[in-house]
Amino acid sequence: KRQHPPQGELMIGALVLATIAANQETTELYRKYGAGESAAYNVKSSLMIEERDYTTSTFLPTETDLIYDFTMKVLQPMPDGYAKIEYKRPKMTIIDGETFQRPPVESEQELNWHLVMTMSPINAITDLQDLTPKTEEDDDGDGIVNLFFPRTTKSIHSLAPTAVAKNMQVGLEYVAELHRLALFVGNLDSAIDLAPRLPIFEVEVGETWKETVSYQPQEIKGSKGKVRPQRLDYVFTYLGTREKDGKQVHHVTADLELDTDAAPFVNEMLGAKPEQTGLEKIILKLQAHIDFDLDLTTKKTLAARARSNGGMEIWITQLPKFPYVEQRITGRTTLKPK
């Protein structure tokens, strides 16, 4: 017969657990900006896309590498821990990996990004002044060229039947966003450059907080089959301190997960059923993980390492047994001081 502990022991055990929880140390992760402080970083990113369509059984790989440097300088510490920051990213090197037809192709894109922004103690941009010289390539007049390559979806669009290609274009915007998230170097709000977003509260080891980095069509909880663009969050976790390169640092991780079918939302936007648009499914999947090392005192980001894995499948009504186009996606990014 199972022996149960006396009621008194249960009460003592509960009291001990409560005492441990009450005494657990908390840490404030607010970024502390110093007057005249400056930093220079190098970012290297690689995106591998393996793709096949209904005419082939073999995935054909294409790889794109991005390499760039950027600097950040504290122009003026402000009240309540805020600071005016100058951010510069002069250029970016783009390397299109080798194919059966050609060797790797390297090109350099002049950016001349020059931004003056107000940063909060949690690494959030609260004000932005864009001093980047305007160019003819500027997409929206803000001086920041949209770097995300529509070329990663050109092959998909060119394969589609004429009747489906126009309808597919809306869905391809979400595919391009998937690629951007897999590479960690999109807009500054979600790129690795200014990450991680820090919590506004003190945290214990193992505690989590969230930051929205995108919106993707996802099924609404409790409403089966109803799909709407919903927030896609990084879940940050504080893992305490650890030794890195001979010194103690704060260790923060970030995780993101997406598994959705965007076709119901795309078809609804088009005001038609799948048999009319030709779009049966647009499956988007991504898992991403980032490790951050933060300075023990200032909480300045010292380094970051990011990995992502995912995939995409487009199914059309004319081919019900297998995807029309599918991709396997792998991303790798590192941020290091220069």
Side-chain angles (χ1 to χ4, degrees), residues 23-48 65-74 77 81 83 85 87-89 93 119-125 181-186 188-211 213 233-257 286-309 330-338:
N23 292 334
Q24 188 169 349
E25 290 186 5
T26 60
T27 302
E28 183 185 80
L29 292 178
Y30 281 0
R31 174 74 165 90
K32 295 179 174 61
Y33 301 101
E37 174 190 330
S38 62
Y41 295 94
N42 172 258
V43 175
K44 294 181 180 178
S45 296
S46 177
L47 181 67
M48 172 71 78
D65 296 332
L66 302 181
I67 303 171
Y68 63 89
D69 297 331
F70 71 92
T71 60
M72 294 179 65
K73 182 179 180 180
V74 177
I85 304 291
Y87 173 99
K88 290 185 177 181
R89 189 196 296 183
T93 299
M119 297 285 295
S120 77
I122 62 170
N123 287 340
I125 301 173
L181 290 168
L183 201 52
F184 308 98
V185 295
L188 285 181
D189 284 340
S190 57
I192 204 168
D193 300 30
L194 305 182
R197 180 64 59 88
L198 299 173
I200 61 174
F201 45 80
E202 292 186 345
V203 289
E204 301 171 354
V205 173
E207 196 163 352
T208 63
W209 62 98
K210 295 182 179 181
E211 178 198 8
V213 291
D233 297 334
Y234 264 113
V235 178
F236 293 90
T237 306
Y238 178 57
L239 296 181
T241 61
R242 64 173 179 173
E243 186 174 317
K244 189 71 175 179
D245 298 329
K247 65 179 180 180
Q248 290 292 311
V249 298
H250 291 288
H251 184 199
V252 173
T253 63
D255 290 279
L256 174 146
E257 186 167 357
L286 186 67
Q287 288 185 324
H289 177 83
I290 313 175
D291 286 283
F292 296 97
D293 297 329
L294 309 182
D295 183 86
L296 206 59
T297 303
T298 66
K299 318 311 187 294
K300 170 184 174 180
T301 300
L302 301 176
R305 297 156 300 282
R307 291 175 174 266
S308 63
N309 291 281
T330 304
R332 299 289 183 269
T333 298
T334 60
L335 179 148
K336 296 181 179 179
K338 286 193 67 180

Q. Are Met119 and Ile125 close enough that some pair of their side-chain heavy atoms sits under 4.5 Å apart?
A.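 Yes, their side chains come closer than 4.5 Å.
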Q. Is there a side chain to side chain contact (heavy atoms under 4.5 Å, CB included) between Thr237 and Glu207 once you walk through the steps?
A. CA-CA 6 Å; Thr237 306; Glu207 196 163 352; over 6 Å; no
Q) Are the side chains of Val252 and Leu29 in touch, meaning some heavy atoms are under 4.5 Å apart? A)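 In short, these two side chains touch, coming nearer than 4.5 Å.
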Q) Under 3.5 Å, is there a donor-acceptor pair between the side chain of Trp209 and the main chain of Arg197? A)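 Yes; at least one donor-acceptor contact below 3.5 Å.
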Q. Between Asn123 and Pro196, is any pair of side-chain heavy atoms under 4.5 Å apart?
A.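 They are in side-chain contact.
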Q) Do the side-chain N and O atoms of Arg89 and Tyr87 include a donor-acceptor pair separated by under 3.5 angstrom? A) yes
Q) For the side chain of Thr333 and the backbone of Leu183, is there at least one donor-acceptor N/O pair under 3.5 Å apart? A)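 Indeed, once roles are kept as given, a pair shorter than 3.5 Å links the two residues.
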Q: For Lys44, look at atom NZ and say whether over 12 heavy atoms of other residues, nucleotides or ligands are found less than 6.0 Å away.
A: no
Q. Under the 3.5 angstrom rule, does the side chain of Thr301 hit a backbone N or O of Ala195 as a donor-acceptor pair?
A. yes
Q. Looking at Thr208 and Val235, what are the two nearest heavy atoms and their distance?
A.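 Heavy atoms of Thr208 and Val235 come nearest at CB-CG1, 4.0 Å.
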Q: Take Tyr30 and Ile122, measure what side chain to side chain contact (heavy atoms under 4.5 Å, CB included) needs, and give me the verdict at the end.
A: CA-CA 6 Å; Tyr30 281 0; Ile122 62 170; 3.9 Å; yes
Q) For the residue pair Tyr238 and His250, does the interplanar ring angle fall in the parallel (under 30°), tilted (30 to 60°) or perpendicular (over 60°) class? A) tilted
Q) Taking NZ, NE, NH1 and NH2 as the nitrogens, is one of them in Arg242 or Asp293 under 4.0 Å from a carboxylate oxygen of the other? A) yes
Q. Any donor and acceptor pair, going by atom type alone, linking the side chain of Arg305 with main-chain N or O of Ile290 inside 3.5 Å?
A.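 Checked: no pair found.
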Q: Could you walk me through whether Ser308 and Leu286 pass the side chain to side chain contact (heavy atoms under 4.5 Å, CB included) test, one step at a time?
A: CA-CA 7 Å; Ser308 63; Leu286 186 67; 4.0 Å; yes
Q. Closest heavy-atom contact between Gly81 and Pro121?
A.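 In terms of heavy atoms, the two residues are closest at O-CG, 3.5 Å.
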Q.
Just checking Lys244: does its NZ atom have more than 12 heavy atoms from other residues, nucleotides or ligands closer to it than 6.0 angstrom?
A. yes
Q) Quick one: NZ on Lys73 to CD on Glu37, what's the gap to the nearest 0.5 Å? A) 11.5 Å
Q: Rounded to the nearest 0.5 Å, what's the gap from OH on Tyr234 to CD on Glu257? Could you check?
A: 12.0 Å
Q) Once you round to the nearest 0.5 Å, how far does OG1 of Thr27 lie from CG of Leu294? A)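 One gets 11.5 Å once the value is rounded to the nearest 0.5 Å.
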Q.
Counting C-beta onward and ignoring hydrogens, is there a side-chain heavy-atom pair between Ser38 and Thr71 closer than 4.5 Å?
A. no
Q. Any donor-acceptor pair under 3.5 Å linking the side chain of Lys299 with the backbone of Thr297?
A.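 Pair found, side chain donor or acceptor close to backbone of Thr297.
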Q | Side-chain donor/acceptor of Thr330 to backbone N/O of Met48, under 3.5 Å | A |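 Answer holds: no.
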Q.
Check this for me: Ile200, atom CD1, are more than 12 non-hydrogen atoms of other residues, nucleotides or ligands nearer than 6.0 Å?
A.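 Not more than 12 within 6.0 Å, no.
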Q. What residue among Tyr41, Phe184, Tyr68 forms side-chain contact (heavy atoms from CB on, under 4.5 Å) with Asp193?
A. Tyr68
Q: Please step through side chain to side chain contact (heavy atoms under 4.5 Å, CB included) for the pair Val203 and Thr26, ending with a clear verdict.
A: CA-CA 5 Å; Val203 289; Thr26 60; over 6 Å; no
Q: Would you name the heavy atoms of Ile192 and Ala306 that are closest together and state the gap between them?
A: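 Of all heavy-atom pairs spanning Ile192 and Ala306, the closest is CD1-CB, 4.2 Å.
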Q: Assess whether atom CZ of Arg307 is packed by more than 12 heavy atoms of other residues, nucleotides or ligands within 6.0 Å.
A: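 No, CZ of Arg307 has 12 or fewer neighbouring heavy atoms, counting only those of other groups under 6.0 Å.
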Q.
Is there a side-chain contact between Leu302 and Lys247 in this structure, where contact means two heavy atoms from C-beta onward sitting under 4.5 Å apart?
A. yes
Q. Donor-acceptor pair, Asn309 side chain versus Gln287 backbone, under 3.5 Å?
A. no
Q) Taking C-beta and beyond as the side chain, do Thr253 and Phe292 meet within less than 4.5 Å on heavy atoms? A) no
